[in-house]
Amino acid sequence: MKIKLIPSLLIVPLLVLFSCACKKTSKAKTVGDRAVVNHIDAERFREMLADTTVQLIDVRTAEEYAAGHIGNARLLPVTDDDFRERAERELDKHKPLLIYCRSGGRSAKAADILLRQGYFVFNLKGGYKGYPYK
């Protein structure tokens with residue numbers, strides 16, 4: 001009886017250890033959480049721009065956009081009455097959204113709306129004003 005018990009006692013801890021290692025590995029590859037708005041800093045935002053599948057969205061006004069914007073950002077003002085409808089028509093729900101405004105307030109509002117519509121959203125903390133990589 002003791003001989004059969006010893007191998008069992010060795011196998012169980014190894015299985016537990018292996019299962020924990022697998023969970024850590026898969027979690028490390030997760031880019032963000034689809035169930036919440038991911039508020040990210042400027043460095044992470046810049047890194048994510050290198051991914052050609054992301055959609056870069058500026059939710060400020062046309063005047064603010066004309067005064068300067070990040071890269072090839074698409075203008076989609078959150079203050080427009082048709083914001084939700086335009087998002088549905090123009091954006092791809094299968095690709096992550098990187099959004100920003102001047103300082104983070106309007107983009108947080110837009111991010112919440114877009115999340116509820118089923119988008120995978122990343123919001124730039126501090127907005128365009130705090131983004132040093134213009």
Side-chain angles (χ1 to χ4, degrees):
M1 173 97 175
K2 286 185 180 181
I3 295 173
K4 289 182 181 178
L5 185 61
I6 292 174
S8 300
L9 292 175
L10 292 174
I11 291 173
V12 171
L14 289 173
L15 289 174
V16 171
L17 182 65
F18 179 72
S19 68
C20 290
C22 289
K23 287 180 184 175
K24 287 179 184 174
T25 302
S26 64
K27 193 167 187 168
K29 292 182 180 180
T30 303
V31 175
D33 189 344
R34 289 184 175 272
V36 298
V37 173
N38 298 276
H39 298 281
I40 58 174
D41 63 20
E43 184 63 33
R44 176 80 192 279
F45 195 86
R46 181 178 172 209
E47 289 170 5
M48 290 186 71
L49 284 173
D51 182 349
T52 58
T53 65
V54 300
Q55 303 169 91
L56 179 58
I57 309 299
D58 186 328
V59 298
R60 301 175 302 158
T61 65
E63 293 80 20
E64 289 172 301
Y65 182 86
H69 55 274
I70 299 171
N72 61 344
R74 179 184 305 177
L75 178 63
L76 189 61
V78 69
T79 54
D80 286 357
D81 292 335
D82 64 344
F83 175 76
R84 286 176 176 84
E85 294 78 17
R86 281 191 59 204
E88 282 291 326
R89 280 192 319 267
E90 299 175 20
L91 303 176
D92 185 344
K93 288 186 179 176
H94 302 312
K95 297 179 180 179
L97 296 178
L98 295 179
I99 66 172
Y100 69 94
C101 66
R102 185 180 63 84
S103 59
R106 286 174 288 175
S107 59
K109 177 184 175 184
D112 189 47
I113 292 168
L114 294 166
L115 179 70
R116 291 177 192 198
Q117 286 184 284
Y119 293 94
F120 187 18
V121 186
F122 293 86
N123 180 36
L124 175 61
K125 288 187 217 174
Y128 183 77
K129 189 170 132 181
Y131 190 70
Y133 309 107
K134 296 173 185 133

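- K134 places a side-chain N or O within donor-acceptor distance of the main-chain N or O of Y128, the cut-off being under 3.5 Å.
- Under a cut-off of 6.0 angstrom, the local environment of CZ in R89 is crowded, with over 12 non-hydrogen atoms contributed by other residues, nucleotides or ligands.
- In this structure, CZ in R74 is found 9.5 Å from CG in L56, a value given to the nearest 0.5 Å.
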L91/L114 under side chain to side chain contact (heavy atoms under 4.5 Å, CB included): CA gap, chis, key distance, verdict: CA-CA 10 Å; L91 303 176; L114 294 166; 4.3 Å; yes
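- With hydrogens and angles ignored, the 3.5 Å screen pairs a side-chain donor or acceptor of Y100 with a backbone N or O of I70.
- The CZ atom of F122 sits 12.0 Å away from atom CD of Q55, with the distance rounded to the nearest 0.5 Å.
- Judged by the 6.0 Å and 45° rule, R60 forms no cation-pi pair with Y65.
- Contact between S107 and G104 at its shortest, heavy atoms only, is OG-O, 3.3 Å.
- Residues Y133 and I99 do not share a hydrophobic cluster, defined by chaining ILVMFWY side chains whose heavy atoms lie under 4.5 Å apart.
- The closest side-chain heavy-atom distance from L124 to L98 is not below 4.5 Å.
- Legend: residues meeting salt bridge (charged side-chain N to carboxylate O under 4.0 Å, His left out) with R102, ordered by chain and number and at least two apart, are absent.
- Here the side chains of E47 and E43 are in contact, with some heavy-atom distance below 4.5 Å.
- Here the side chain of K93 pairs a donor or acceptor atom with the backbone of Q117 at under 3.5 angstrom.
- I40 and L49 fall within a single hydrophobic cluster, where Ile, Leu, Val, Met, Phe, Trp and Tyr are joined by side-chain heavy atoms under 4.5 Å apart, directly or via other members.
- When V78, L75, N123 are each tested for a side chain to side chain contact (heavy atoms under 4.5 Å, CB included) with V59, only one passes: V78.
- Checked against the 6.0 Å centroid threshold, Y131 and F45 count as a close aromatic pair.
- Between V37 and D112, the shortest heavy-atom distance links the atoms CG2-N, 4.1 Å.
- A donor-acceptor distance shorter than 3.5 angstrom exists from the side chain of D41 to the backbone of R44, with no hydrogens or angles considered.
- Taking hydrophobic clusters as Ile, Leu, Val, Met, Phe, Trp and Tyr residues chained together by side-chain heavy-atom distances below 4.5 Å, M48 does not share a cluster with L76.
- Taking all atoms of both residues into account, the shortest heavy-atom contact from A35 to L115 is O-CD2, 3.7 Å.
- Distance check, rounded to the nearest 0.5 Å: CZ of R106 to CZ of F83 gives 11.5 Å.
- Linking ILVMFWY residues whenever their side-chain heavy atoms come closer than 4.5 Å, directly or via other members, places L97 and I113 in the same cluster.
- The minimum heavy-atom distance between C101 and G105, with the atom names listed, is SG-N, 3.6 Å.
- A pairwise comparison of heavy atoms in A42 and G130 identifies CB-O, 4.4 Å as the closest pair.
- Taken from NZ in K95 to CG in D51, the straight-line distance is 10.0 Å, to the nearest 0.5 Å.
- Counted within 6.0 Å of CG on D81, heavy atoms from surrounding residues, nucleotides or ligands total 12 or fewer; the atom is thus considered open.
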